[in-house]
Asks: 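Next up is a structure, given as structure tokens.
The model shown is predicted, which means the values in this text are computed figures rather than measured ones.
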Amino acid sequence: MADGLPIRMLHDRLLVSIDPDGGDRRSTGGIVIPATAQLGRRLSWARVEAVGSSVRTVQVGDRVLFDPDERAEVEVRGKDFILLRERDLHAVAAERIDDDQTGLYL
């Protein structure tokens, strides 16, 4: 259940919320690049809010990297979430990853 939300994810599905740090960016020269600027294909980070019973490598609270063009959006109790399949993830970043691993499953 996602933060008390009445949701149970099925199979290999994930419910994620967009990382709030995914807004404006700065170039190496210090120029502010607005979040709405299109700079080719850019992947996004999100926080996992709920996982289905068949999800093997991701847990609630992990940060995941995904392609924002391959997503389905849903609103639950006034908050926007994204529905993904585990296979659509490009990387996982989590505190539980061992020191000898990169922390990203690529």
Side-chain angles (χ1 to χ4, degrees):
M1 203 175 286
D3 293 329
L5 294 176
I7 292 177
R8 178 178 39 208
M9 302 307 295
L10 301 176
H11 312 295
D12 67 337
R13 302 296 201 273
L14 303 164
L15 190 69
V16 301
S17 57
I18 291 291
D19 195 338
D21 297 332
D24 295 344
R25 304 179 303 273
R26 286 197 181 272
S27 70
T28 55
I31 298 171
V32 175
I33 303 169
T36 56
Q38 293 294 326
L39 297 173
R41 186 172 169 184
R42 183 170 175 88
L43 300 178
S44 296
W45 286 100
R47 180 182 184 279
V48 177
E49 302 292 340
V51 297
S53 60
S54 298
V55 173
R56 298 183 321 227
T57 58
V58 181
Q59 297 177 5
V60 172
D62 288 352
R63 289 185 69 218
V64 293
L65 187 65
F66 71 99
D67 185 347
D69 292 334
E70 300 172 4
R71 67 181 186 180
E73 295 183 19
V74 64
E75 182 179 330
V76 179
R77 292 190 177 170
K79 185 171 180 186
D80 292 326
F81 295 96
I82 296 172
L83 181 64
L84 300 169
R85 287 179 174 236
E86 185 177 23
R87 69 179 182 208
D88 294 333
L89 301 179
H90 294 280
V92 177
E95 293 291 327
R96 70 178 186 285
I97 307 289
D98 294 332
D99 290 335
D100 61 337
Q101 296 178 341
T102 63
L104 301 177
Y105 301 125
L106 299 176

Asks: Do Asp67 and His90 have side chains that get closer than 4.5 Å, going by heavy atoms?
Replies: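 A side-chain contact exists here, since the closest heavy-atom pair is under 4.5 Å.
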Asks: For Phe66, which of Ile82, Leu14, Leu43, Asp88 qualifies under side-chain contact (heavy atoms from CB on, under 4.5 Å)?
Replies: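 Among the candidates, only Ile82 passes.
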Asks: Please report the shortest heavy-atom distance between Asp12 and Ser54, naming the atom on each side.
Replies: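 Between these two residues, the closest heavy atoms are N-CB, 4.0 Å.
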Asks: Working to the nearest 0.5 Å, report the span between OG1 of Thr57 and CD of Glu86.
Replies: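 If we round to the nearest 0.5 Å, Thr57:OG1 and Glu86:CD are 4.0 Å apart.
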Asks: With a 4.5 Å heavy-atom cut-off, do Leu89 and Leu84 have their side chains touching?
Replies: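 Answer yes - side chains close enough.
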Asks: Locate the shortest heavy-atom distance separating Met9 from Leu83; write the atom from each residue and the value.
Replies: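 The answer is CE-CD1, 3.1 Å.
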Asks: I'd like to check the salt bridge (Lys or Arg N to Asp or Glu O under 4.0 Å) partners of Glu73; sequence neighbours left out, ordered by chain and number.
Replies: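 Once residues adjacent in sequence are excluded, the partners of Glu73 under the salt bridge (Lys or Arg N to Asp or Glu O under 4.0 Å) criterion are Arg71.
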